[in-house]
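Letters go in sequence order (proteins before strands), and every chain restarts at 1. Computation of the quantities below employed the complete heavy-atom set of this structure, encompassing side-chain atoms and omitting hydrogens, waters and symmetry-equivalent molecules.
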Protein chains: 2
Amino acid sequence: MGAGDTMVVAKPAASAKGTRERILDIALDLFIEKGFDKTSLREIAERLGFSKAALYYHFASKDDILLALHYRLHDSLKGALGSVHRDPSVASWAALLDGLIDQMLANRRLFVLHERNRAAFEHLHAEGHEAEHEDFEEDFRQMLADESVPLRDRVRMACSFGAVMGGLFLGGDLFGRAPSDALGPLLRDAVGDLLKGASGA
Amino acid sequence: MGAGDTMVVAKPAASAKGTRERILDIALDLFIEKGFDKTSLREIAERLGFSKAALYYHFASKDDILLALHYRLHDSLKGALGSVHRDPSVASWAALLDGLIDQMLANRRLFVLHERNRAAFEHLHAEGHEAEHEDFEEDFRQMLADESVPLRDRVRMACSFGAVMGGLFLGGDLFGRAPSDALGPLLRDAVGDLLKGASGA
DNA sequence: GTCTATATTTCGATAGAC
DNA sequence: GTCTATCGAAATATAGAC
């Protein structure tokens, strides 16, 4: 192989990550910082160093950018949660949360994005941006809606989810300096205490 | 007093609540349903039955409407939380949450609004819409940032807050049909378990 | 207090050259 | 793949009559 090769591996400079991914990284920053709606494509392009129109080579629309970020989130969950049984029991819920905590710690910013732009994400869903949404929260809601589970348990389940969100994101990255190895066990402890108090446990 | 009086009390019809408050009620509905940014003044006016321009008699701007809703939230908390000590201890935190749960149960929709439009609310703050923000979450953050409290306890505190949010709002009003008298004790139980597990308790 | 215009701005998106 | 230039739509906000 010569030096002037077109091999995909080990590109020299900034585009090692692919322009598309770089756009998503910048968009993630801005959508968190200013919110999806208050972020213009002009700003994204500006921060990337090229023009607004160039974005449309990589994405069909602004919504499409958010959708791609939605998939990042979705994919990070699919792996961790895909194999877990979705029956509405406290035990499955505990397993679900266990995998969830790992993903949240590994991809905090994606979850912050989702938390800070709930309206925008749901608008995406409503707007007919078809595809497999399978918004994980929708699964959760279904489990929580099952009235064959005592209300007390369902409240505990919802609380435990909120507890993880709160512990990680309350108003931003409060414990951002705390390493994941410290935070993880503390969160698991808290969830454990909560679910232990469920009537069916 | 004659029948054609201009007395403020007991107006006959819809405006018994005051046009300003009616606007806020409709805006609250729409901001929850579609999000602040995706809701136009035209829509608000339409649902109210009068024209867009009329809104500007009651509010200086769209942001001003959101700000007024922020004050509703703020006021509902000021009463319940104003007298609580803000020292960063698990005990004060418990007292804080206790008052908070009452307010959240009484004004769920205001909290849902806040949860679903975080970016918009913080934009309000950033935009120089001065006034006393004193966003309650800011107080919370300060207490949680105090490093004289063990990390374990602070995580528990954050979790307990999240637990309440989660228990009430996970994806909307899942337990909306559950009466507040049933939900309140369940939430207090959960919070109790969480804070009981703090090292300093 | 509410109306009918209309001004103004910003943004998402497209066209077409290079 | 990226650019310049521009279109068209929508929304906030204002002016001024009633």
Quickly work out the B:Leu55 CG to D:dT14 P distance and round it to whole Å. 13 Å
Using the side-chain hydrogen bond (donor to acceptor under 3.5 Å, both in side chains) criterion, which residues pair with A:Lys34? Sequence neighbours excluded. A:Glu43
I'd like to know if the side chain of A:Arg116 and the backbone of B:Ala119 have a donor-acceptor N/O pair within less than 3.5 Å. no
List in numerical order all residues of residues 40-54 of chain A for which some heavy atom is under 4.0 Å away from an atom belonging to DNA chain D.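 Heavy-atom cutoff 4.0 Å gives A:Phe50, A:Ser51, A:Ala53, A:Ala54.
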Take A:Ser40 and A:Lys52 through the test side-chain contact (heavy atoms from CB on, under 4.5 Å) and record every step on the way to the result. CA-CA 9 Å; A:Ser40 69; A:Lys52 185 179 61 170; over 6 Å; no
DNA chain C: 5'-most and 3'-most nucleotides touching chain B, 4.0 angstrom heavy-atom criterion: C:dG1 to C:dT4
Is any side-chain heavy atom of B:Leu41 less than 4.5 Å from a side-chain heavy atom of B:Ile65?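 SC-SC contact between B:Leu41 and B:Ile65 confirmed.
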Once ring pair (Phe, Tyr, Trp, His ring centres under 6.0 Å) is applied, do any residues pair with A:Phe140, and if so which ones, sequence neighbours excluded?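 Scan of A:Phe140 (ring pair (Phe, Tyr, Trp, His ring centres under 6.0 Å), adjacent residues dropped) gives A:Trp93, A:Phe136, A:Phe161.
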Quick check: do B:His114 and B:His70 have side-chain heavy atoms less than 4.5 Å from each other? no
Can you name the residues that form a side-chain hydrogen bond (donor to acceptor under 3.5 Å, both in side chains) with A:Asp146, not counting sequence neighbours? A:Ser148
For B:Glu33, what residues pass the side-chain hydrogen bond (donor to acceptor under 3.5 Å, both in side chains) criterion, not counting sequence neighbours? none
